[in-house]
Amino acid sequence: MEAATVVDKLSAIPQGARMIAAAKQLDNVWLVGGAVRDLLLGVEPRELDVVVEGPIDELLEALGGESQRFERFGTATVTSEGARFDIARTRSESYAHPGALPDVSPSTIEEDLARRDFTINAIAVRLADGSVRSNPRSLDDLAGGLLRVLHPGSFVDDPTRLWRCARYAARLGFQVEPETAALAAAALPGAVSGERLGHELRLALREPSPTALFTILEDLNAGALVEGFDPRPGSLDSALDLLGEQGSAPLTTLAACCAGVELDLLTRWLNFLQFSAEDRDCVLVASRWVTGEPLRNAQSRSAIAAAARGAPLEAVALAGGENARLWLSELRHVGLKITGDDLIAAGVERGPMVGDALNHALDKTLDQVIADRSEQLNTALEFLNRSSQ
Ligand code: ATP
Ligand code: MG
């Protein structure tokens, strides 16, 4: 694995070429972390992480564009001609207590690499000359597909690294090296804020295979997921297939995994992980399958609509079956071409009956007994006539 070719590979990416040009005159700018890893693996990096050994001002000036600085951490985000760069000063970190956010202080590139999570992410390439700094095992581990922490206290300092480990193992198809696996098994996964854990879970749900990730995470540490969580729910693939581009695949995935988690516990867990009320309620409803039975038993198109209407799309998809497919692909888009105002214009008095009449006309439309506007209006008016007799 030729780390010296990283700058060449970087120059083939438009924003990479811009960064190289800006850093050319500076001897202290390093590409680090995921970007180096991905370039060495021949994968396009998701974003470019750059660190400067010393003040970042000169690099910001050379890059131009708009920059937003965060003085406390010595970092800045630059947006310029559509590209975005995250720039940080090299820093070392210490933890006031396990799971705390780190206290940071300026450091050398070597110390900056030593604070990182896994050997494959502890490689830095200097943009001015392509020279490489790394943990002694980084390049072998990258070539061998191994995830290895940099020191035995790594998971204690930051238990979110359990999630990061599972994320890389699932995404890159890497193995967790045995000593790292033993350290992961002994870690306390809950010794960290709900906000940070929630962030990791939401990232996990957006990975290409969240179920592979959850399976690995559960193997790494049995306590990392809530009791009753099913990392590989059998119902999920068909639900995602039914859902297609509609609704939220991440929430459907989470709901499927949480079908066996006791309701009170699940509510507390999702609150702790700082899910929005809307997302939490979607997962709660969809995970309980409440829509399942009435939907499967519905015998007509209007009965399918009555069972599915108002339920989250994710819940309908998880309920599964032909009726769910029909609702998601067709029936949920069926509407009326009349409104209550049309009935009032036809002489009907305002009141709850107007809504009932519209619902009746909608049911007949769903059942394909009627279709056009005048049929809908007549059907609603006949319903009102019959009801008033
Ligand atoms: P991705 O492709 O998911 O963005 P990445 O490796 O770039 O992967 P980031 O979360 O973007 O991951 O972080 C960038 C780098 O910062 C990582 O490669 C790693 O070196 C370091 N890092 C991030 N979070 C941690 C952490 N919790 N502990 C130690 N190092 C970390
Ligand atoms: Mg990254």
Side-chain angles (χ1 to χ4, degrees), residues 3 6 10 13 15-16 19 30-52 73-75 77 83-95 98-104 107 109-125 132-135 137-139 141-142 146-174 180 183-184 187 189 191-193 195-210 212-213 216-217 220 224:
V6 164
L10 183 64
I13 304 170
Q15 70 264 39
M19 179 56 84
W30 302 81
L31 186 72
V32 283
V36 178
R37 177 198 70 219
D38 289 343
L39 287 169
L40 285 170
L41 291 172
V43 180
E44 171 124 5
R46 298 178 171 206
E47 78 256 318
L48 301 182
D49 302 307
V50 169
V51 295
V52 183
F73 298 106
T75 61
T77 302
R84 198 190 113 120
F85 304 100
D86 285 318
I87 295 159
R89 183 170 182 159
T90 46
R91 63 183 192 265
S92 61
E93 295 181 344
S94 58
Y95 294 83
L101 279 174
D103 298 315
V104 304
S107 77
I109 185 69
E110 286 79 8
E111 289 167 311
D112 185 281
L113 292 178
R115 75 176 168 83
R116 289 173 186 267
D117 47 4
F118 302 101
T119 55
I120 60 163
N121 288 336
I123 312 172
V125 175
V132 179
R133 298 280 186 285
S134 70
N135 176 281
R137 290 184 139 134
S138 292
L139 296 178
D141 285 347
L142 195 56
L146 283 182
L147 286 158
R148 185 193 308 270
V149 286
L150 301 184
H151 61 90
S154 188
F155 292 120
V156 177
D157 284 346
D158 182 355
T160 67
R161 291 173 185 161
L162 292 168
W163 288 79
R164 299 181 65 83
C165 189
R167 199 157 80 223
Y168 295 126
R171 193 200 299 165
L172 304 172
F174 278 25
T180 296
L183 293 167
V192 67
S193 73
E195 186 185 354
R196 293 186 67 204
L197 279 182
H199 178 68
E200 296 300 329
L201 174 57
R202 288 182 281 275
L203 285 181
L205 290 167
R206 291 205 296 267
E207 285 289 315
S209 177
L213 188 162
I216 294 167
L217 181 61
L220 276 180

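Treat the numbers as computed from the prediction; the structure is a model and nothing was measured. As the structure lists them, so they are numbered: ligands from 1, and atoms in each ligand from 1.
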Checklist entry - In E47, which N, O or S atom comes closest to the Mg ion (ligand 2)? => result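 Result: OE2.
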Checklist entry - Below 4.5 Å, heavy atoms only, C-beta onward: do L142 and R37 meet side chain to side chain? => result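 In short, these two side chains touch, coming nearer than 4.5 Å.
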Item to check | Minimum side-chain heavy-atom gap I13-L39 below 4.5 Å | outcome: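 Yes. Closest side-chain heavy atoms under 4.5 Å.
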Checklist entry - Looking at R133 and E110, does any basic side-chain N land under 4.0 Å from a carboxylate oxygen? => result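 So R133 pairs with E110 through a salt bridge.
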Protein residue, atom and distance nearest to [atom], heavy-atom basis:
atom: atom 27 (N) of ligand 1; result: D158 OD2, 2.8 Å
atom: atom 28 (N) of ligand 1; result: R161 NE, 2.8 Å
atom: atom 7 (O) of ligand 1; result: G34 CA, 3.4 Å
atom: atom 5 (P) of ligand 1; result: Y168 OH, 3.4 Å
atom: atom 13 (O) of ligand 1; result: R164 NH2, 3.5 Å

Item to check | Winner among V36, D38, D117 once heavy atoms are compared against atom 29 (C) of ligand 1 | outcome: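 It is D117 whose heavy atom sits nearest to atom 29 (C) of ligand 1.
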Item to check | Proximity winner for atom 2 (O) of ligand 1, if only heavy atoms of R116, E47, R171 are counted | outcome: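 That would be R171.
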Next on the checklist: I'd like to know whether ligand 1 has F118 as a neighbour, heavy-atom separation below 4.0 Å.
Outcome noted: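 The answer is no: ligand 1 sits nowhere under 4.0 Å from a heavy atom of F118.
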Output the list of atoms in ligand 1 that are nearer than 4.0 Å to some heavy atom of [X], sorted by atom number.
X: G33; value: 18 (O)
X: R37; value: 2 (O), 5 (P), 6 (O), 8 (O)
X: N121; value: 6 (O), 18 (O), 19 (C), 20 (O)
X: D49; value: 7 (O), 14 (C)
X: R46; value: 2 (O)

Checklist entry - Knowing that exactly one of R164, R202, R46 qualifies, which makes a salt bridge (charged side-chain N to carboxylate O under 4.0 Å, His left out) with E207? => result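 Output: one option passes, namely R46.
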Item to check | Spacing of L162 atom CG and R167 atom CZ [to the nearest 0.5 Å] | outcome: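 Output value for this atom pair is 12.0 Å.
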Next on the checklist: Parallel, tilted or perpendicular: which one describes the rings of Y168 and F118, with boundaries at 30° and 60°?
Outcome noted: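 Geometry flag for F118 against Y168: perpendicular rings.
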Next on the checklist: So that I can check it, does any N, O or S atom in D49 come closer than 2.8 Å to the Mg ion (ligand 2)?
Outcome noted: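 No, D49 does not qualify, because none of its backbone or side-chain N, O or S atoms lies under 2.8 Å.
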